[in-house]
2 protein chains.
Amino acid sequence: MNKSTFHILVVDDDDRIRELVKEYLVENNFIITTAKDAFDAKKKLEIIKFDILILDIMMPGQSGLSLTKEIKKKDNTPIILLTAKGETKERIAGLEVGADDYLGKPFEPKELLLRIKNILEKIKKPALPEEIVIGEAKVNLKKLEIRLNNKVKKINPQERKILEKMLESPGKIFSRDNIGKIINISKERTIDVMITRLRQKLESIPKNPKYLQTIRGSGYVLWIK
Amino acid sequence: MNKSTFHILVVDDDDRIRELVKEYLVENNFIITTAKDAFDAKKKLEIIKFDILILDIMMPGQSGLSLTKEIKKKDNTPIILLTAKGETKERIAGLEVGADDYLGKPFEPKELLLRIKNILEKIKKPALPEEIVIGEAKVNLKKLEIRLNNKVKKINPQERKILEKMLESPGKIFSRDNIGKIINISKERTIDVMITRLRQKLESIPKNPKYLQTIRGSGYVLWIK
DNA sequence: TCATAAGGTATGGATTCCATAAAAAATTTT
DNA sequence: AAAATTTTTTATGGAATCCATACCTTATGA
């Protein structure tokens with residue numbers, strides 16, 4: 001793997017493992033930060049935007065599972081969970097809670113590397129530009145703003161997540177299920193509401209959306225032009 | 001999960017596991033074929049195009065690993081490998097050989113289902129081309145639109161289903177029964193009505209259809225050119 | 001050419017699906 | 001902990017679509 005600037009946070013209460021993983025990944029040109037528990041991790045998460053998080057499930061204080069859930073609520077940083085051997089149930093729980101992958105202890109560092117590569121494959125998409133034009137609106141995902149008709153509206157966190165995902169695949173139909181997974185929600189009406197709100201910020205005539213359209217019976221689509 | 005027509009091949013030399021997996025997946029609306037070894041599997045692969053293959057690594061004769069390699073050379077059917085517990089090395093080898101995912105035995109059926117869903121997400125539909133030309137009309141099954149004489153008409157879900165099916169076999173006669181099955185309707189007149197509607201969207205002169213024609217006494221045919 | 005069978009279509013009630021306002025709950029900020 | 005913001009639920013109305021029926025038109029062959 002080439003020199004990278006990917007920044008990974010490793011959270012494990014076991015000093016030995018933490019250091020081992022760190023060493024191995026540093027060798028492979030990652031930038032590594034470690035934390036010894038959820039509390040510590042959260043402190044660091046507030047300051048730094050990591051590319052990947054590696055969390056041990058079994059930790060004193062808040063568990064990795066719970067931490068995953070909490071983090072995934074806010075953003076979609078990929079998470080790899082480390083599970084004690086054979087804890088199938090936890091592994092399932094992990095996926096359900098939104099983890100992107102997991103690894104049973106004991107694991108070979110090489111395997112961890114594979115998982116990381118795997119995830120990087122997925123995220124290496126050519127980072128969305130600072131400002132994206134959707135019809136008459138200009139979306140700034142960094143400032144969390146949408147300019148439309150000389151007005152500036154704020155994008156809320158959940159809205160951002162949906163928008164980001166839909167912007168990755170303009171023209172793709174997102175079922176409510178799809179969207180529900182993005183923001184961790186199941187109620188259909190709730191999703192409708194988020195779409196309605198997005199329309200009010202994106203569309204000149206929210207009642208007749210030109211860009212964020214409904215596909216009756218299937219879901220929603222975003223057209224960026 | 002909805003009713004699906006996904007066809008999965010399960011290859012494992014252990015009768016017990018084979019049957020267990022089959023049973024569970026059939027319950028979840030998959031079509032399952034089984035094979036007891038690589039030789040058996042290859043015979044079946046020659047005849048049927050599967051959507052996913054589930055292979056045990058440890059098998060008498062050719063191993064799942066070797067089989068994976070062989071298959072991946074020819075096509076890219078997604079493969080999930082089943083590994084005996086703790087065989088980390090094999091798991092790594094599996095990914096390197098081109099497998100799409102793996103699952104350590106013993107596994108929970110529910111977890112297998114998760115993996116399968118995951119893969120299906122990716123392969124989605126074999127997607128007909130974005131835009132299909134039928135006579136003077138341009139059909140966009142994604143946008144659910146038909147452009148004809150500079151006008152855009154919307155296709156609704158039932159119409160789409162019929163169109164999709166007929167597009168799979170242009171020139172084939174579809175009896176009302178055939179069509180009825182597609183959209184779950186039995187009344188003859190009702191089917192006529194759907195055809196009428198489609199003609200109004202597809203044909204320049206709906207009264208004299210050139211492409212969506214009636215075969216009196218037999219049914220309807222779609223000609224795409 | 002007339003009778004009849006087969007196909008075409010306008011209409012509308014029932015149903016399903018979606019939009020949105022408003023309220024309630026949860027979360028974040030102050 | 002009060003206030004402000006955001007998220008989620010709920011309730012309701014409206015729109016799209018489904019499906020059947022009645023009636024009309026066309027094709028066929030006796």
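Lettering of chains follows the sequences in order, A, B, ..., and the numbering in each one begins at 1.
In this structure, the CD1 atom of B:Ile179 is 11 Å from the P atom of C:dG7, given to the nearest Å. Rounded to whole Å, the distance from CE on A:Met194 to P on D:dT8 is 6 Å. When the C1' atom of D:dC18 is taken as reference, atom NZ of B:Lys161 falls 11 Å away, rounded to whole Å. Distance, A:Glu159 CD to D:dT5 P: 14 Å, rounded to whole Å. Taking atom CG on B:Asn208 and atom P on C:dT9, their separation rounds to 10 Å, with Å as the unit.
You'll find the side chain of A:Lys138 stays beyond 4.5 Å of the side chain of A:Ile146, heavy atoms only. You'll find the side chain of A:Leu53 stays beyond 4.5 Å of the side chain of A:Val10, heavy atoms only.
Judged by the 6.0 Å distance and 45° axis criteria, B:Lys22 is not positioned over the aromatic ring of B:Tyr24. Figure legend: cation-pi geometry between A:Lys172 and A:Phe174, with NZ or CZ positioned under 6.0 Å from the six-membered ring centre and within 45° of its axis.
One finds no side-chain N or O of B:Lys187 lying less than 4.0 angstrom from the OP1 or OP2 phosphate oxygen of D:dC18. At D:dT5, none of the side-chain N or O atoms of A:Asn156 fall inside 4.0 Å of OP1 or OP2 (strictly under the cut-off).
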Stepwise side chain to side chain contact (heavy atoms under 4.5 Å, CB included) check, B:Lys49 with B:Thr77:
CA-CA 9 Å; B:Lys49 167 103 179 71; B:Thr77 307; 3.8 Å; yes
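A donor and an acceptor atom, one from each side chain of A:Lys42 and A:Gln62, are located under 3.5 Å apart.
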Base versus backbone protein contacts along nucleotides 14-22 of chain C [heavy-atom cut-off under 4.0 Å; B, S, -]:
--BBBBBBB
